[in-house]
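Inspection log for the structure reproduced underneath, given as structure tokens.
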Amino acid sequence: GAGVSQSPRYKVAKRGQDVALRCDPISGHVSLFWYQQALGQGPEFLTYFQNEAQLDKSGLPSDRFFAERPEGSVSTLKIQRTQQEDSAVYLCASSLAEGVQPQHFGDGTRLSIL
Amino acid sequence: DAKTTQPPSMDCAEGRAANLPCNHSTISGNEYVYWYRQIHSQGPQYIIHGLKNNETNEMASLIITEDRKSSTLILPHATLRDTAVYYCIVRAPFGGVTGGGNKLTFGTGTQLKVEL
């Protein structure tokens, strides 16, 4: 497709379950970012990939959060043993390369932990 | 990245120009100004960016003051579909080895409401 695609759009899980969120970036985009957006707030950076290399994971809130991009294209954000505070919209963005190139966002996955 | 300050909300009549201000008084020489907007239940949408010259594209115009301490995003003929939260973001083009690859640091933005 032409844009960044994220799936699922909505995810409901019980506290303690593991979840996996998928991001399909724009074809050919080298850089890929994950952000977390709490209700009423701006997105906050979680992690960054350049191709398959995870160059920055400083924004991941705990070791329950794990992201991968094994072939430098599709990325998965995994949250283990989910907690209620993990409820948020998770946004993925990609850009052609590092530098001034703008990031293009998907519409996110809304995660609700019961 | 430099911090930005935006008014929390603004109203605009449909068909009129919407002028959204942003202060970034601590901006560094290599930092660009980016504007994104987020319509309800959608991801942020890139609008425009610039370094020091004014920029225009099919969506908007970006006016950056000569000292680069502030900028204005102009939507020339606002429509109801322009109702959104508008984010002004300042960032350097390269994040360094572990600098987050120029991650975006969002504030709370300006809620623009376009009304009939």
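All figures in this text were calculated on a predicted structure; none of them were measured in a lab. Numbers restart at 1 for each chain; the letters A, B, ... are given by sequence-line order, proteins then strands. Just so you know, these numbers use all the heavy atoms, side chains as well, and skip hydrogens, waters and symmetry mates.
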Would [X] end up clustered with [Y] when hydrophobic side chains under 4.5 Å apart are linked, directly or stepwise?
X: L32(A); Y: L60(A); result: yes
X: V30(A); Y: L96(A); result: no
X: I48(B); Y: L20(B); result: yes
X: V19(A); Y: Y90(A); result: yes

Would you say the side-chain atoms of [X] pair up with the backbone N or O of [Y], donor to acceptor, closer than 3.5 Å?
X: D107(A); Y: Q42(B); result: no
X: Y35(A); Y: L104(B); result: yes
X: Y36(B); Y: Q103(A); result: yes

Is it true that atom [atom1] of [X] has more than 12 heavy atoms of other residues, nucleotides or ligands lying nearer than 6.0 Å?
X: E115(B); atom1: CD; value: yes
X: L39(A); atom1: CG; value: no
X: E44(A); atom1: CD; value: no

Taking all non-hydrogen atoms of both residues, which atom of [X] and which atom of [Y] are closest, and how far apart?
X: R91(B); Y: Q101(A); result: NH2-O, 3.2 Å
X: K103(B); Y: S58(A); result: NZ-OG, 4.1 Å
X: Y87(B); Y: P43(A); result: OH-CD, 4.1 Å
X: Y32(B); Y: V100(A); result: CZ-CG1, 3.3 Å

Fill in: Test side chain to side chain contact (heavy atoms under 4.5 Å, CB included) applied to F105(A) and Y46(B), step by step
CA-CA 8 Å; F105(A) 285 78; Y46(B) 165 76; over 6 Å; no
Item to complete: Dump the intermediate steps for side chain to side chain contact (heavy atoms under 4.5 Å, CB included) on Q45(B) and H104(A), then the final yes or no.
Response: CA-CA 7 Å; Q45(B) 178 189 21; H104(A) 299 277; over 6 Å; no
Practice prompt. Give the member of G43(B), P44(B), G109(B) that has the highest number of heavy-atom pairs under 4.5 Å with chain A.
Written response: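 Top option by heavy-atom pairs under 4.5 Å: P44(B).
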